[in-house]
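All chains are named by letter (A, B, ...) in the order of the sequence lines, taking the proteins before the strands, and each is independently numbered beginning at 1.
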Amino acid sequence: MQYRAPRGTNDILPADVWRWQALEEKFRGICRLAGLSEIRTPGFEETELFTRSIGEVTDIVSKEMYSFQDRSGRDLTLRPEGTAPIVRAWIENNLGAEGLPTKLFYITSIFRYERPQAGRYRQHHQFGVEVIGADDASVDAEMIALAARFLGSVGAAPWTLKINSIGVPASRAVYVQALKESVAGVLGELCASCQARYEKNPLRMLDCKEPKCRELTNDVPDIAEYLDSESAAHFEKVREALTALGLDFEVDPRLVRGFDYYTKTVFEFQVEGLGAQNTVCGGGRYDGLVEELGGPATPAFGFGMGIERLLLTLEQRGATVGEPPRADVFVVRAGEGAQVEGLALAEELRKTGLTADTDYGNRSMKAQMKRAGKSGARLTLILGDDEIASRQVTARDMIAQQQWRLPLEGCAGMVKDYLETAESDQIRRG
RNA sequence: GCGGGUGUAGCUCAGUCGGUUAGAGCGCCAGGUUGUGGCCCUGGAGGCCGGGAGUUCAAGUCUCCUCACUCGCCCCA
């Protein structure tokens, strides 16, 4: 074994890829039902797009980006998050001209240079949505509800939905000041990373996991007290709408998120079973980002959902979505004389829309039957010297363990009819 | 970047106090059945015991280094 997949990356093998496809189709379906359109953006962007949007001091920008220069010296970065590229594409292609809001979804890879562990990889994949051009709290609630409906439909329950409002930059600055003042006295007792956060990213002190820090920051001021009136009203409407939609949620005044561009609403869906990780979906409102990136002042809302984390959650729940692929028909070609005729038969079957597989190398009947069994095919068609001579084919129902002969000419249609009947019989019997 | 754990067959793992030719189950291939899958039986292929150095008469086993994987910290999906 010489080459390996790079650290923190994974091959998605045939044994698993059907699970991915099933989730992707489900997500697409749910997004389309809500009026969202799919968008795909490049795998890399100008580095500055991310440093401007995510924030210079965040960990993603300061130590986790896969950045490089191309052969003509352009500074580029593999997409470390989903939102900024879409906002860039929205501005660049003037998507807003078609009427607001623009409702988008995506399924994509994300790259971050991190130490891998359970539920965390250097390349991972996300489902996401972005609704650009509406400040209505209905959008926040609708998209959170969409995430919940999707998670529920694939079997990810139970989860905890946490929401918070972090206000607008001006109100947040006031709050951060109050926060710093209130912990200044105990600063020396906080953990080393909280002491660093105090200077660089004070809000993050709120969700430190250290019990000691938790205790010391216990009666720190509540961000809700510092919200501007518009943010407070918006948050109230979001909560009302979520309640009206029948969603259980928890207001967590300590919920903060890693990107600088968030305003007002932030939320996370948290689940058990992801190792040290617990967020399967997170997002919020980013009313300043479009303008920050050079577009017109435009409010927006979005979320990202980790596909690997979702899969881990489903596995832990014992939930499966979709089915592994299997053949409808397996063609056994016994003897030299049946090789070409058998290939032609398989092609005929495929033309009718049936999945047909076969074995190669003219192996023994036993070996071919064994492979037929493994293929999951309901029906095996056997073509040997006898069949060729009589222009017939032997059909074997692998479940009923019965076999009979059919005329070779035109048998594909009969096979299709038989399988449709057999399947419906099976459904009727349960 | 910093800690802990684990590296033996394609996969999951045994391997005693350091001892002679390194094992099992599953999977794969073949045969038992010269045209019939699953169950059963028999046989076969498949190993740089992660890599390097050291200790020893002798190392899969002990020591050190290194690499990889993995779990956790930081942070995030």
Does [X] use its side chain to pair, donor to acceptor, with the backbone of [Y] at less than 3.5 Å?
| X | Y | value |
| --- | --- | --- |
| A/T358 | A/V331 | yes |
| A/E45 | A/L76 | no |
| A/Q339 | A/G335 | yes |
| A/R52 | A/E292 | yes |
| A/D328 | A/T355 | yes |

Is a side-chain donor-acceptor pair under 3.5 Å present for [Y] with [X]?
| X | Y | answer |
| --- | --- | --- |
| A/Y418 | A/D397 | yes |
| A/D140 | A/H234 | yes |
| A/W404 | A/T394 | no |
| A/D357 | A/S375 | no |
| A/T108 | A/R40 | no |
| A/T83 | A/E130 | yes |
| A/E268 | A/T279 | yes |

Assign [X] to base, sugar-phosphate, or nothing according to its heavy-atom contacts below 4.0 angstrom with the strands shown.
| X | result |
| --- | --- |
| A/R257 | sugar-phosphate |
| A/A334 | nothing |
| A/F127 | nothing |
| A/K374 | sugar-phosphate |
| A/Q401 | base |
| A/F259 | sugar-phosphate |

Take atom [atom1] of [X] and atom [atom2] of [N], then tell me their distance rounded to the nearest Å.
| X | N | atom1 | atom2 | answer |
| --- | --- | --- | --- | --- |
| A/E114 | B/rU70 | CD | C1' | 16 Å |
| A/L206 | B/rC76 | CG | P | 13 Å |
| A/Q126 | B/rC76 | CD | C1' | 9 Å |
| A/M365 | B/rG32 | CE | P | 14 Å |
| A/Q123 | B/rC76 | CD | C1' | 16 Å |
| A/Q117 | B/rG1 | CD | P | 15 Å |
| A/D359 | B/rC28 | CG | C1' | 13 Å |
| A/K200 | B/rC75 | NZ | P | 10 Å |

When the [atom1] atoms of [N] and [M] are considered, how many whole Å apart are they?
| N | M | atom1 | value |
| --- | --- | --- | --- |
| B/rA24 | B/rG32 | P | 24 Å |
| B/rC67 | B/rA30 | P | 44 Å |
| B/rC73 | B/rC13 | C1' | 31 Å |
| B/rA59 | B/rU70 | P | 32 Å |
| B/rG10 | B/rC28 | P | 15 Å |
| B/rG4 | B/rG43 | P | 47 Å |
| B/rG38 | B/rG27 | P | 11 Å |
| B/rG7 | B/rU12 | C1' | 14 Å |

Any idea which of [options] is nearest the [X] side chain?
| X | options | value |
| --- | --- | --- |
| A/R363 | B/rG35, B/rA77, B/rA30 | B/rA30 |
| A/I382 | B/rU36, B/rA77, B/rC29 | B/rU36 |
| A/K370 | B/rG37, B/rG72, B/rA77 | B/rG37 |
| A/R204 | B/rC75, B/rG32, B/rG35 | B/rC75 |
| A/R112 | B/rU36, B/rC76, B/rC28 | B/rC76 |

Under the salt bridge (charged side-chain N to carboxylate O under 4.0 Å, His left out) test, residues paired with A/R254 that sit two or more places apart: none

Interface residues of residues 270-288 of chain A with RNA chain B (non-hydrogen, below 4.0 angstrom): A/G275, A/A276, A/Q277, A/T279, A/V280, A/C281, A/G282

What I want to check is whether an N or O donor and acceptor connect the side chain of [X] with the base of [N] at under 3.5 Å.
| X | N | value |
| --- | --- | --- |
| A/K366 | B/rG32 | yes |
| A/Q403 | B/rU36 | yes |
| A/E387 | B/rG35 | yes |

Protein and nucleotides 66-69 of chain B: nitrogen or oxygen contacts under 3.5 angstrom:
residue, atom, partner, partner atom, Å
B/rC69, OP2, A/R7, NE, 3.1

A/Q402 vs A/Y113, nearer the 5' end of RNA chain B by closest nucleotide: A/Y113

Qualifying residue, where the test is side chain to side chain contact (heavy atoms under 4.5 Å, CB included) with A/L408 and the options are A/Q392, A/E387, A/E341: A/E341

Pair pattern of RNA chain B in dot-bracket, where unpaired bases get dots and | marks partners in another strand, Watson-Crick or G-U under 3.5 angstrom: (((((((..((((.....[...)))).(((((.......))))).....(((((..]....))))))))))))....

Basic-acidic side-chain contact under 4.0 Å: A/R79, A/E81: no

A/R371 side chain near B/rC29 phosphate (N/O to OP1/OP2, under 4.0 Å): yes

Set out, line by line, the N/O atom pairs under 3.5 Å between protein and nucleotides 42-45 of chain B.
none

Check against ring-ring contact (aromatic ring centres under 6.0 Å, His included), A/F127 and A/F150: CA-CA 11 Å; A/F127 296 131; A/F150 174 66; 5.5 Å; yes

For residues 177-195 of chain A, which side-chain donor-acceptor pairs fall under 3.5 Å, sequence neighbours excluded?
residue, atom, partner, partner atom, Å
A/S182, OG, A/L179, O, 3.2
A/Q195, NE2, A/L187, O, 3.3
A/Q195, NE2, A/G188, O, 3.3
A/Q195, NE2, A/L190, O, 2.9

